[in-house]
Undergrad: 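Have a look at the structure that comes next, please.
Throughout, a chain's letter reflects where its sequence line sits, starting with A, and its residues are numbered from 1.
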Amino acid sequence: MKGELRPAYAGSEHVPLVDMISGILKGSAGRRRGEVEARIREVEAHGDYRMVRGFYDIMLAYCTFEPATALDPAPLRDFAFARMSEIGNYDQDTAVAVIKEGAKRFGIKEEEFRSAMWSDLPENQVLKAFRAPNPEDVIKEYNFRAVSSILLRSAYIRFWVSDRWKDALWAVKRLGLMYQLEGSSITVDGPASPLSSTRAYGLAISRLFYFITRAEKWWLEAGLAKGSRVLRASSDDPISSGTGEVTFDSEVERRFYRSFASLGTGWGIRREPEPLRAGSYTIIPDFLFEKGGIRVYMEIVGFWTPEYLERKFRKLSELKVENLIVAIDSANYRGKIPQIAGRMIVYRGVPDAYKVKALLAEIERPLRDELMKRAMSVKVAGDHLSVSEMARENGLPEDIMREALTKARPEGYVFDGSNLIGPGLAEALRKDIIALKTEDAEAAIELLKKRDIEATVSTLVELGLKVEWRGLEARLIL
Amino acid sequence: MRSPRGLLRLIMLSNRDPEARLALLARNEAIRISLNAANKVDALVSVLREYGGKKVLVFTQNNELVYRVSRSLLIPAITHLTPKAERELILKSFREGRYRVIITSKVLDEGIDVPDASVGVIMSGTGSSREFVQRLGRILRKVSGKRAELIEIVTSDTTEPRASYRRKRSIDGGMR
């Protein structure tokens, strides 16, 4: 059986410790940060130093540190350094004399000069204000961080959320994490799996944890990289739930969308389509490209390893999920980019819209040939057929149907790009139009429309009537 | 402190808690390092006296030591906390000779901003890696040719001298 790992959670028994640190901060108004931290270190020596440090780090967010003086330290420093260099004796006595001289020059006291000179260093900034937080919140935040730090060392994380699952899902996506969706839980590869940019990946993992804890109910299970110990945490533990706003960096998606949309490819592009389900396995694509009934998905993968890609492509082919382009970021991988079967593009920064366009054309070609073959074999019967109806009835894209009819027009039929008109009907219509005895092409088109033919000037031409353009007006020549 | 009884309880707890003991030991170590640093500042004073008039670049990866030296000897400091504008001003002043000595915890990027120092001083201590020293040697060599001198300040009551000996062997012969 696997060993279970329980983080050293802080609990209500640590409220006095939180209060003590809070008390030190309250009583430290006007003190330098260095002094404040020395006092905190005193407590560290008497308690669990990790908790003391942790509580203090959390409470730093409730502190405001500022330089003690409004005097700009830079000119004071420059004076002292240059004067010291000029005198050339680098010893403490000379330094004291230089400070005395500087104080006189800037019209301040020696002590003031000395402290103002370094007032911008973090340790010298003084505590201006401290809003004491609720100790329970500090403890829960501490536990949140305790779990996060374990997640940073894990080989995988499996989690489940009761609600807001879409948020968690998109967090997984936008953070570029390596994931696998099976059933109702999500498994994410941990940063301790072989990966070069573990720091950035670890950061993404802790941001994911924030989204997990935002759910009403949640649980997670993380396997430690070394050994088989498993961490289990859930919404029943005293862990703070993600509050406030964490924003994603979806700049990559946004920029790709813009560059692709402005390329004019004839493909429609949609962001964040519904997840693709194949059996119990789910893929969350970032984009859907559509053209004449052909659908191609694209997924952007920020973090990856060759093993992850292999696993993913194997899964895709097992499930016969075709038409998926995977774009992988080369920035987070230092080794040689592997040659893996499948439609893959490598990018740095933003995926190249031209490369995607070329891949789409490659995917489209055989599919289009197949559709064309079907369109060519469509049987034509009847006096009047519209291309859109024929396409719909045969489950074909309209442009393919049109192209097929243009290439091989059925024997004797008149074709204007939208309508197929049988020989008998064509002859009858031609006679009716001539009988109108008008030069007005609009009147002739009107007549055809009354007979349910969505006609244009080209219909008239195809019917064998002579049309002449005068300016923007078409005239019939009788 | 809201509850003195709470503190008492914690002190009692710490008797049994090995981590609390570790924290106490860490404090003692910090005090020792600090005494050590005072000696190093004294040693730096004598090195600077010996090389009076020469441009000196002082290095240590210990930020606390950088500011300690900067404060007590009024030597301009460059660390990761130094704003970019000030960093540039310091390097410019050093090139122009307004500042004769600078101390830094950063190895300045090769190629750009390399100050023309003829003497390099390393104040060793925790965190000065071998790579750091080697890189420093390269920079000084590149700027000053053969006459660059590299001095290392070590304290005798620690393991530092041995580490320094190993380092000297790894830097090639042109240096003292």
Undergrad: Out of curiosity, B:Asp42 CG to A:Asp91 CG, how far, rounded to the nearest 0.5 Å?
TA: 10.5 Å
Undergrad: I'd like to check A:Pro122 versus B:Leu81 (side-chain heavy atoms, cut-off strictly below 4.5 Å). Are they in contact?
TA: yes
Undergrad: Could you tell me which non-hydrogen atom of B:Gly97 sits nearest to which non-hydrogen atom of A:Ser85, and how far apart they are?
TA: O-OG, 4.3 Å
Undergrad: Side chain, backbone, both or neither: which part of A:Ile21 has a non-hydrogen atom closer than 4.5 Å to chain B?
TA: neither
Undergrad: Would B:Glu86 and A:Arg77 pass as an ion pair if we require N to O under 4.0 Å?
TA: yes
Undergrad: Should we count CD of B:Glu64 as having more than 12 external heavy atoms under 6.0 Å?
TA: no
Undergrad: Should A:Arg83 and B:Leu74 count as side-chain neighbours, where that means a heavy-atom distance under 4.5 Å?
TA: no
Undergrad: Quick check on A:Asp78 against chain B: is it the side chain, the backbone, both or neither that has a heavy atom closer than 4.5 Å?
TA: both
Undergrad: At a 4.5 Å cut-off on heavy atoms, which part of A:Asp93 comes close to chain B: side chain, backbone, both, or neither?
TA: neither
Undergrad: Got A:Phe81 and B:Leu73 here, is their nearest side-chain heavy-atom distance under 4.5 Å?
TA: no
Undergrad: Just wondering, do B:Arg71 and A:Trp118 contact through their side chains at under 4.5 Å, heavy atoms?
TA: yes
Undergrad: For chain B, find which of A:Ile99, A:Leu121, A:Asp120, A:Val52 contributes the most heavy-atom pairs closer than 4.5 angstrom.
TA: A:Leu121
Undergrad: Given heavy-atom pairs under 4.5 angstrom as the criterion, report whether the side chain, backbone, both or neither of B:Ser46 touches chain A.
TA: neither
Undergrad: Could you state the interatomic distance from CZ (B:Arg100) to CE (A:Met84), rounded to the nearest 0.5 Å?
TA: 9.5 Å
Undergrad: Contact part of B:Ile75 toward chain A, heavy-atom cut-off under 4.5 Å: side chain, backbone, both or neither?
TA: both
Undergrad: Would you indicate whether A:Lys104, at its atom NZ, is surrounded by more than 12 heavy atoms from other residues, nucleotides or ligands within a distance under 6.0 Å?
TA: no
